[in-house]
Protein chains: 2
Amino acid sequence: MILKSQVEWALHCCAILSGLPEGRYLSTKALAELHGLPKEYLSKALQTLSQAGLVRTTLGPTGGYRLAKAASEITFLDVVEAVEGNGRTFVCQNIRANNPCRPEGYCESGPCAIARIMWEADEAWRNALRRVTFAELGKILEKDIAPEIWSGTFEWVLKRSG
Amino acid sequence: MILKSQVEWALHCCAILSGLPEGRYLSTKALAELHGLPKEYLSKALQTLSQAGLVRTTLGPTGGYRLAKAASEITFLDVVEAVEGNGRTFVCQNIRANNPCRPEGYCESGPCAIARIMWEADEAWRNALRRVTFAELGKILEKDIAPEIWSGTFEWVLKRSG
DNA sequence: GAGAGACTACTCGGATACAGTCTGTCCGAGTAAATCCGG
DNA sequence: CCGGATTTACTCGGACAGACTGTATCCGAGTAGTCTCTC
């Protein structure tokens, strides 16, 4: 069970977009160059973010992407679920129903105990991701990244955004 | 990101094996019939449990599997990691290093902030799974399952174990 | 009746096949800004 | 100098291909009980 690389790409792109000034858009091409990624395939990831309503687009030149909501309104979970799907990581196929010792047509009273435990762990994972917004990530990154790279990147992005 | 069905199979098999009396072994065939699963493929899942040291085997007739440790010593995480691998669910490919604004040969100071957050969520998931042992699952199942099915299954298993 | 050998039922490992997903590329349609051209 | 037509740069969507993984089956080798056969 490994998350797709698109998840990583989408998170990094949202991190960049969250620093974009109001009204500006950044193109797929710029995002691909900034991260050294294949433009065409990255475009797929951004499209899914768009379909999930996390990101807004404009067509034409100076077109591109920007966040659809405030950075403080978008969580890691939003992005992960947009790319990876919002289904549970554990699917219960109710194999207990195949038990030959059961009476014919016996009806289960509730979800399997094993599934319940797996789903609780799943929720713990989701809750941890739900807690972090991109506004908070911005603060962390600002401390984390060397100032000259931080501001250099910011200018580079600004220059390429329309 | 969806866990393999083998995870579900392995968990159910361990649940059955944890109720097995000392010194008894239960065959793949019996476990497959009990859960309505393909014997050959289920055997693969049990083999990985064996390689992980969670389960012990005996050859020949009356051979099969039993838990290698006490049920209270085996957690859900042990089984999930045995089948699914113990690597992190999020792999950081360090795409920040592709930033064209970075000076040549710049060396990162530590793991990417995005990766750290994803790994924390991963740990939350693992911790939730680490908390539940098969001894506890046994208690839950005993309350959960209708008594006649519970004891009927137990007898069926005992009859087929050697 | 006892012991040796054949038989059986099981685990284990490897080989193979098929389907689905992930990764990545390519192209055409549609859109909006910028540019060009004619009046 | 102004307005309409063309060009350009981008998004969006679909089609397609290759690699990898998950699912599943089959078979042969090895092992440990059981059964049979012979003495």
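First the proteins, then the strands, lettered A, B, ... as listed; each starts at 1. These figures come from a predicted structure and were not determined experimentally.
For the pair B:Glu33 and B:Arg160, the salt-bridge criterion is met [side-chain N within less than 4.0 Å of a carboxylate O]. The pair A:Arg96-B:Asp144 does not count as a salt bridge, with every side-chain nitrogen at least 4.0 angstrom from each carboxylate oxygen. Salt bridge annotation for B:Arg126-B:Glu81: present, with a cationic side-chain nitrogen under 4.0 angstrom from a carboxylate oxygen.
Rounded to whole Å, the distance from CD on A:Glu84 to P on C:dT21 is 12 Å. In this structure, the OH atom of B:Tyr41 is 14 Å from the C1' atom of C:dT16, given to the nearest Å. The interatomic distance linking A:Glu40 (CD) with D:dG14 (C1') rounds to 13 Å, in whole Å. As a whole-Å value, the separation of B:Leu42 CG from C:dG13 C1' is 16 Å. Atoms CD1 (A:Ile2) and P (D:dC20) sit 14 Å apart, rounded to a whole Å. Atom P of nucleotide C:dC22 and atom CZ of B:Phe90 are separated by 16 Å, given to the nearest angstrom. Rounded to whole angstrom, the span from the CD atom of A:Gln51 across to the C1' atom of D:dC12 amounts to 9 Å. Computed from coordinates, the B:Leu3 CG to C:dG20 C1' distance equals 17 Å when rounded to whole Å.
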Under 3.5 Å between N/O atoms: give me all the protein pairs with nucleotides 8-11 of chain C, atom names plus distance.
{"unit_1": "C:dT11", "atom_1": "OP1", "unit_2": "B:Thr28", "atom_2": "N", "d": "2.7"}
{"unit_1": "C:dT11", "atom_1": "OP1", "unit_2": "B:Thr28", "atom_2": "OG1", "d": "2.9"}
{"unit_1": "C:dT11", "atom_1": "OP2", "unit_2": "B:Thr28", "atom_2": "OG1", "d": "3.4"}
{"unit_1": "C:dT11", "atom_1": "O3'", "unit_2": "B:Thr57", "atom_2": "OG1", "d": "3.3"}

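For the residue pair B:Ser43 and B:Gln47, a side-chain donor N or O sits within less than 3.5 Å of a side-chain acceptor on the partner.
Toward the 5' end of DNA chain D, the nearer of the two residues A:Leu46 and B:Pro38, judged by each one's closest nucleotide, is A:Leu46.
Between the CD atom in A:Glu123 and the OG1 atom in A:Thr89 there is a gap of 10.0 Å [rounded to 0.5 Å].
Within the structure, every side-chain polar atom (N or O) of A:Ser43 is placed at least 4.0 Å from both OP1 and OP2 of D:dC12. Taking 4.0 angstrom as the limit, A:Gln6 places none of its side-chain polar atoms (N or O) nearer than this to OP1 or OP2 of C:dG24.
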When you look at A:Leu49 and A:Cys14, which way does the side chain to side chain contact (heavy atoms under 4.5 Å, CB included) test go after all the steps?
-> CA-CA 9 Å; A:Leu49 292 183; A:Cys14 286; 3.8 Å; yes
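A perpendicular orientation is assigned to the rings of A:Tyr41 and A:Trp9, their planes being inclined by more than 60° (bins at 30° and 60°).
One donor-acceptor pair, N or O on each side, does fall under 3.5 Å between the base of D:dG14 and the side chain of A:Lys44.
With C:dT25, D:dT25, C:dC22 as the choices, the nucleotide that has an atom nearest any side-chain atom of A:Lys4 turns out to be C:dC22. The side chain of B:Ser50 has C:dC12 as its nearest neighbour among D:dT25, C:dC12, C:dC26.
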